[in-house]
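The structure appears right after this line, and notes come after that.
The chains referred to below are lettered A, B, ... by the order of the sequence lines, with proteins before strands, and numbering in each begins at 1. Just so you know, these numbers use all the heavy atoms, side chains as well, and skip hydrogens, waters and symmetry mates.
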Amino acid sequence: MSADQPDRTPLARSFFDRPSRLVAPELLGRILVCTLPEGAVELRLTEVEAYEGPDDPASHAYRGRTPRNAVMFGDPGHVYVYFTYGMHYCMNLVTGPGRDASAVLLRAGEVVSGVELAQSRRSNSRRSADLASGPARLTLALGVDRSRDGADACAPSGSPFRVLAGSPPPPERIAAGPRTGIAQAMDRPLRFWLRDDPTVSPYRRHTPRTRS
DNA sequence: AACCGGATCGTCT
DNA sequence: GACGATCCGGTTG
């Protein structure tokens with residue numbers, strides 16, 4: 001492969017069949033393709049978070065299997081989509097080992113193809129770097145909602161999703177820190193991002209909510 | 001750059 | 001019935 005032509009090889013399912021804390025940093029720089037009837041959008045992943053299944057108090061799998069999180073308990077390489085805050089969708093890739101209920105939340109990326117389509121789904125965005133700079137912005141730019149829950153990102157065909165090898169960054173560009181917006185397990189550095197990348201979402205500390 | 005409130009509802013207790 | 005793996009637009013420093 002040439003320098004200006006990134007590797008288009010799909011990632012094998014075995015890539016995902018490992019602990020999420022190992023898969024997560026290795027997803028940085030890789031390409032997520034989402035092909036829907038309106039067209040395709042390609043994303044270069046720049047920020048992710050690992051969730052470690054039933055042993056992780058911040059994971060949706062922490063309290064066991066429910067109708068919502070059932071996909072997390074299935075095979076690695078599938079997509080887990082959930083709805084939150086009454087209006088947003090967030091997207092994960094299920095990892096292993098085995099049916100471990102672990103996953104990687106996709107938090108941000110750079111739209112490298114299908115910019116116009118992504119823009120049309122994100123009418124308010126000003127900078128193009130903000131098209132997918134946040135987990136809910138990312139799903140909006142891709143056109144992902146709950147109907148995509150369970151889709152196989154490793155299937156040769158029949159799925160809107162595919163993860164390509166892309167161009168892995170040099171290790172020194174990968175940064176790690178506590179996950180965003182959660183109150184539990186702050187001591188685990190399971191958020192990974194590309195240092196100095198303009199598409200990485202700003203870190204937000206968890207803030208308890210009050211009501212009237 | 002940091003902080004605030006409002007929007008809005010599926011999911012689990 | 002309470003809360004959230006959030007975003008946006010506004011205000012303040």
Anything under 3.5 Å between a donor and an acceptor, one on a side chain of residues 105-114 of chain A, the other on a protein residue two or more places apart or in another chain? List them.
unit_1: A:Arg107; atom_1: NE; unit_2: A:Glu47; atom_2: OE2; d: 2.8
unit_1: A:Arg107; atom_1: NH2; unit_2: A:Ser201; atom_2: OG; d: 3.3
unit_1: A:Glu110; atom_1: OE1; unit_2: A:Arg44; atom_2: NH1; d: 2.5

Secondary-structure string, 5' to 3', Watson-Crick or G-U under 3.5 Å, | for another-strand partners, for DNA chain B: |||||||.||||.
Answer with base, sugar-phosphate or nothing: what part of the nucleic acid does A:Arg179 contact at a heavy-atom distance below 4.0 Å? nothing
Would A:Tyr51 count as stacking on C:dA5 if stacking means ring centres less than 5.5 angstrom apart and planes tilted under 30 degrees? yes
Take atom [atom1] of [X] and atom [atom2] of [N], then tell me their distance rounded to the nearest Å.
X	N	atom1	atom2	value
A:Tyr82	C:dC3	OH	P	18 Å
A:Tyr89	C:dG4	OH	C1'	15 Å
A:His60	C:dT6	NE2	P	9 Å
A:Asn69	C:dG4	CG	C1'	15 Å
A:Arg107	C:dC7	CZ	C1'	12 Å
A:Asp149	B:dT11	CG	C1'	14 Å
A:Asp145	B:dC9	CG	P	15 Å
A:His88	C:dG4	NE2	C1'	11 Å

Side chain of [X] only, please: which of [options] is the nearest?
X	options	result
A:Arg68	B:dC12, C:dA5, C:dC8	B:dC12
A:Arg146	B:dC12, B:dT11, C:dA5	B:dT11
A:Asn92	B:dT13, B:dA7, C:dA5	C:dA5
A:Phe83	B:dC12, C:dA5, B:dC9	B:dC9

Within the structure provided, determine whether [X] and [Y] are in side-chain contact (heavy-atom separation under 4.5 Å).
X	Y	result
A:Leu142	A:Met91	yes
A:Leu164	A:Arg30	no
A:Val48	A:Leu28	yes

Ignoring hydrogens and angles, does a donor from either the side chain of A:Tyr85 or the base of B:dA7 sit under 3.5 Å from an acceptor on the other? no
When you measure from the centre of the six-membered ring of A:Trp193, is the NZ or CZ of A:Arg191 closer than 6.0 Å and no more than 45° off the axis? yes
Can you list, in residue-number order, the parts of residues 132-144 of chain A that come under 4.0 Å of DNA chain C, counting heavy atoms only? A:Gly134, A:Pro135, A:Ala136, A:Arg137
For the atom pair NE2 (A:His60) and CZ (A:Arg68), what is the distance rounded to the nearest 0.5 Å? 4.5 Å
Give a yes or no on whether [X] atom [atom1] has more than 12 heavy-atom contacts from other residues, nucleotides or ligands under 6.0 Å away.
X	atom1	result
A:Arg173	CZ	yes
A:Asp187	CG	yes
A:Phe73	CZ	yes

Is there a donor-acceptor contact under 3.5 Å linking the side chains of A:Glu52 and A:Ser59? no
DNA chain B nearest-nucleotide lookup for A:Pro67 and A:Gly86: closer to the 5′ end is A:Gly86
